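Report on the structure given below.
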Amino acid sequence: MRVGKRLFPYPVLNNNKQYSQYKNSTLSLEYNEVITDEYLILDNIRCNIDCNYMKALLNEGFAEAVCIVECPQTMLRKHYILTDDMNDIKIPLMDINGKVDISLFIVAKRDIANYKCNDFLDDYSDYDFFVEKNDIIGIDDGYTSRIEFNEKESSEKSSIFLVIKDTNITDKTMRVELADEKIIISLPQDQWNEYDKTKRIRKFQNLYFAIIAVPALSYALAEMQRIGDTIDNIRIEKKWFNAFCIAYYNRNGEELTDEYFMQMNPYFEAQKLLNSPVIKAMDDIFGLTMTMGGMDDGNQY
């Protein structure tokens, strides 16, 4: 629920100063966004209020802070009462698709007969107001997610990747972002739709790893080399890199050292980690070609 320019018959504390009827007081919703295989997590979520009067209403039980999570496409609408001991909100990825709005409201838990704050704008300073139960007295219209998440990837080797659709990509390119948990691969809308419909077809899996996962992991490893930090530090900060180091040990029987990591070939190591999908994809393409009726007309490139 986005309030926007909506007006109220009493002063409201709004994160947007243009619509707030308070002089100096502030209100904001803050959290760290974390994406796992199953959840969109609003981690370390908190309601920040710089207004003694509003804090008193919350502490004395006249009001409560409520986080609203809405996804129009899936018709999801949930509210969460924020308390001092609440640390996070977990939203199943299977429940969201498309735009997700996350907002904060301070809501009256009961009637407030003498609603009056010294920080009201001058136009309201001489008045007391009557606020009814469930009326909104504080607003942060919050944040909107502009991406769509795919379903949980089932294979173990894809667990370090998250493939998402980004409608903002208009130049037909694939984007790679290095989050702490995963390597996030963003595809244009049409190509993501094609990928999502065919990703579980066994004959296409090596091809997708060859053209999507291998380049993304190669880029990620090269970026870590460029930064020049120690392996131990990177493993602490990047969960996907820790998974890479574990896979390296399982494949080679020895730990990855700082010296080898700085001089290794990222593209070679990415292929090894993902079980040589480039060569396997070539075999798969040849097999599909023969199955579909033989070779093409012989044109060379």
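Quick caveat, the model's predicted, so the values are computed rather than measured. For this chain, numbers begin at 1 and follow the sequence in order.
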* Asked: So, the side chain of Q21 versus the backbone of Y19: is there a donor-acceptor pair under 3.5 Å, distance only?
  -> yes
* Can you run down the salt bridge (charged side-chain N to carboxylate O under 4.0 Å, His left out) pairs that involve residues 205-218, sequence neighbours left out, and say none if there aren't any? => none
* Any chance NZ of K239 has more than 12 other-residue heavy atoms, nucleotides or ligands included, within less than 6.0 Å? -> no
* To do: Compare all side-chain heavy atoms of K78 with those of I68 and state whether any distance is below 4.5 angstrom.
  => no
* From Y260 OH over to T257 OG1, what is the distance, rounded to the nearest 0.5 angstrom? -> 9.0 Å
* Side-chain contact test, heavy atoms from C-beta onward, threshold under 4.5 Å: evaluate it for I185 versus R175 and give yes or no. => no
* **Shortest non-hydrogen contact between L273 and F244, atoms and distance** => CD2-CD1, 3.6 Å
* Asked: Once you round to the nearest 0.5 Å, how far does CG of N206 lie from CG of D284?
  -> 5.0 Å
* With F8, which residues qualify under ring pair (Phe, Tyr, Trp, His ring centres under 6.0 Å), at least two apart? -> Y10
* **Distance-minimising heavy-atom pair for A65 and L58** => N-CD2, 3.7 Å
* Taking C-beta and beyond as the side chain, do V176 and I183 meet within less than 4.5 Å on heavy atoms? -> yes
* Structure fact -> For M224 and W240 the tightest heavy-atom approach is CG-CH2, 3.8 Å
For residues 83-93, which side-chain N or O atoms pair as donor and acceptor with protein atoms under 3.5 Å away, sequence neighbours left out?
unit_1, atom_1, unit_2, atom_2, d
T83, OG1, D85, OD1, 2.5

* Shortest non-hydrogen separation from G61 to R110 and the atoms involved -> O-NE, 3.6 Å
* **Least distance between heavy atoms, F161 atom then A216 atom** => CE2-CB, 4.2 Å
* **Exam field: side chain D258 to backbone T230, donor-acceptor pair closer than 3.5 Å** => no
* To the nearest 0.5 Å, what is the distance between CD (E194) and CD (Q189)? -> 11.0 Å
* Side chains of L82 and L104: closer than 4.5 Å at any heavy-atom pair? -> yes
Please output the side-chain donor-acceptor pairs of residues 120-139 that fall under 3.5 Å, not counting sequence neighbours, one pair per line with the distance.
unit_1, atom_1, unit_2, atom_2, d
D122, OD1, K23, NZ, 2.8
S125, OG, D122, O, 2.9
D135, OD2, E132, N, 2.9

* **salt_bridge(R251, E269) N-O dist < 4.0 Å** => yes
* **S25 side chain near L27 side chain, heavy-atom distance below 4.5 Å** => no
* Asked: I169 and D166: side chain to side chain contact (heavy atoms under 4.5 Å, CB included), yes or no, with the steps?
  -> CA-CA 6 Å; I169 299 178; D166 190 339; 3.9 Å; yes
* Structure fact -> Residues joined to I236 in its hydrophobic cluster, side chain to side chain under 4.5 Å directly or through other members, sorted by chain and number, are none
* M264 and L221, any side-chain heavy atoms less than 4.5 Å apart -> yes
Donor-acceptor contacts under 3.5 Å from residues 44-55 side chains, at least two apart:
unit_1, atom_1, unit_2, atom_2, d
R46, NH1, N44, O, 2.4
R46, NH2, E30, OE1, 3.2
N48, ND2, E30, OE1, 3.3
N48, ND2, E30, OE2, 3.0
Y53, OH, K116, N, 3.2
K55, NZ, I49, O, 3.3

* Asked: Counting only heavy atoms not in M282, do more than 12 fall under 6.0 Å of its CE?
  -> no
* Tell me, do N16 and D141 make a side-chain contact under 4.5 Å, heavy atoms counted? -> no
* Student check: side-chain heavy atoms of M174 and I212 closer than 4.5 Å -> yes
* More than 12 foreign heavy atoms under 6.0 Å from NZ of K17: is that the case here? -> yes
* Structure fact -> Smallest heavy-atom separation, C245 atom then L256 atom, equals SG-CD2, 4.1 Å
* Supply the atom-to-atom distance N14 CG to T26 OG1, rounded to the nearest 0.5 angstrom. => 11.5 Å
* Centroid-to-centroid, F261 to F241, below 6.0 Å? -> yes
* Please say whether more than 12 non-hydrogen atoms of neighbouring residues, nucleotides or ligands are located less than 6.0 Å from CG in D43. => yes
